[in-house]
Amino acid sequence: MSGKLTLAAVLFLAASAAIAQAYPTKPLRIISPYPPGGSTDIVARLIAEHMGRALGQRIIVENRAGANGNIAGELVARSAPDGYTLLFGADSLVAINPHIYSKMTFDPVKDLAPVATTIITQLILSVHPSLPVRDFKEFLAFARKTIPPLHYASGGNGSQHHLSTEMLKQRAGINLVHVPYKSGSPAVAAAIVGDVPIVMAGSSSGPLVKAGKLRAIAVTGRERLKLFPDVPTIGEFFPGYQVNNWLGIWAPAGTPEPVIAKLHAEINRVLAMPEVGERIRSVGGAEPWITNRDEFAAAIQRDYEKYGKLVKEIGARLD
């Protein structure tokens, strides 16, 4: 019996290797939960273009925005596990959505297989120039004494903009009132015109800071942004505070291991290309993020636990 099992295992491995060697034999699809034309969409198409050349097949990027990535995620999760339909998605899909949505029609952790990380960035805490604070230290002092509390804009309930600011409130002992918008762009727009004095936004808001329309006072990552070397990290004041947002590529669960390994290696090769890194930095202040698959899995688990704890503490829910 054991001999038959061993033979079956050998035949299975041989068949899997043959599939990976032949793969791909037809065009691929990358499903993106972002609208066309934005910085994230540009990165998706950049990666698809270079991967397609190397794999010898066209890779089509399809935009399926909505529900914080759930629509795109479910489409991929329900696709055939053959490596021909992939998801270009954000960490929030697997690390935040399972905690804030009372009902999900799929399990992004179980129904999607991590393939590779792609880019990583961080958030910028900015204020309207009329707010009488010049830096983060002054901001904290001003926020602590201001009654009624200051308002801050975010890209929506349960967004990383929202959760990272709630983390700051906990660590700093300050009270701020949340004003959620439908996405990051209208939140930034509200801060620019002064409707809301504070905004937590993506690094793509950097040019607005450079133009003087916003004043950056802190960033959320482990290290300072190269774009603003004089702006401190929140972690410099509150050790252990760190929020990076990242994007990766997933396949449907059950996709053959050799196919995932081939895609992983190819994505990492593309991200290591100097011209790709330069283009990624130019469109949104992000950095290519090359990891091995164990590191990718660890990042998902770490952020899943971190945001799960925070969502439970603040009671954030979406129906």
Mark yes or no for whether [X], through its side chain, and [Y], through its backbone, hold a donor-acceptor pair below 3.5 Å.
X: Lys182; Y: Gly156; result: no
X: Tyr101; Y: Arg317; result: no
X: Asn97; Y: Asn68; result: yes
X: Asp111; Y: Ala77; result: no
X: Thr146; Y: Pro149; result: no
X: Tyr304; Y: Pro98; result: no
X: Gln122; Y: Glu223; result: yes
X: Thr220; Y: Leu123; result: yes

Same hydrophobic cluster for [X] and [Y], using side-chain heavy-atom links shorter than 4.5 Å among ILVMFWY?
X: Leu225; Y: Phe238; result: no
X: Phe139; Y: Val188; result: no
X: Val179; Y: Ile174; result: no
X: Leu150; Y: Ile192; result: no
X: Ile119; Y: Ile124; result: no

Ignoring hydrogens and angles, state whether a donor on the side chain of [X] or [Y] is under 3.5 Å from an acceptor on the partner side chain.
X: Asn245; Y: Asp91; value: no
X: Glu166; Y: Gln170; value: no
X: Ser204; Y: Ser39; value: no
X: Thr25; Y: Tyr84; value: yes

Among all residues two or more places apart in sequence or in another chain, which pass the ring-ring contact (aromatic ring centres under 6.0 Å, His included) test with [X]?
X: Tyr152; result: His178
X: Trp289; result: Trp246
X: Phe237; result: Phe136

(message) Just checking Arg134: does its CZ atom have more than 12 heavy atoms from other residues, nucleotides or ligands closer to it than 6.0 angstrom?
(response)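 At most 12 heavy atoms, drawn from other residues, nucleotides or ligands, come within 6.0 Å of this atom.
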Apply salt bridge (Lys or Arg N to Asp or Glu O under 4.0 Å) to [X] and list each qualifying residue two or more places apart in sequence or on a separate chain.
X: Lys213; value: none
X: Arg215; value: none
X: Arg171; value: none
X: Lys110; value: none

Give me the atom names and distance for the closest heavy-atom approach of [X] to [Y].
X: Thr118; Y: Gly248; result: OG1-N, 3.7 Å
X: Pro81; Y: Pro252; result: CA-CB, 4.0 Å
X: Ala251; Y: Leu86; result: CB-CD2, 3.8 Å
X: Ile96; Y: Gly158; result: CG2-O, 3.2 Å

(message) Per the salt bridge (charged side-chain N to carboxylate O under 4.0 Å, His left out) rule, what does the pair list look like for residues 230-243, sequence neighbours excluded?
(response)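 Qualifying pairs: Arg224-Glu236.
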(request) Any salt bridge (charged side-chain N to carboxylate O under 4.0 Å, His left out) involving residues 47-70? Give me the pairs, sequence neighbours left out, ordered by first then second residue. (result)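 Qualifying pairs: Arg29-Glu62, Glu49-Arg53, Glu62-Arg64.
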(request) Sort out for me which residue in Val76, Val61, Thr40 forms a side-chain contact (heavy atoms from CB on, under 4.5 Å) with Phe88. (result)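 So, applying the side-chain contact (heavy atoms from CB on, under 4.5 Å) to Phe88 and each of Val76, Val61, Thr40, only Thr40 qualifies.
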Do any side-chain atoms of residues 268-277 form donor-acceptor pairs under 3.5 angstrom with protein atoms, and if so which ones, sequence neighbours left out?
residue	atom	partner	partner atom	Å
Asn268	ND2	His264	NE2	3.2
Asn268	ND2	Thr291	O	3.1
Arg269	NE	Glu266	OE2	2.6
Arg269	NH2	Glu266	OE2	2.6

(message) Going by side chain to side chain contact (heavy atoms under 4.5 Å, CB included), name the residues that satisfy it together with His128, two or more places apart in sequence or in a different chain.
(response)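 With sequence neighbours excluded, His128 shows a side chain to side chain contact (heavy atoms under 4.5 Å, CB included) to Ser130, given in chain and number order.
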(request) List for me each residue that meets side chain to side chain donor-acceptor pair (under 3.5 Å) alongside Arg222, sequence neighbours excluded, and say none if there are none. (result)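 Side chain to side chain donor-acceptor pair (under 3.5 Å) list for Arg222, sorted by chain: empty.
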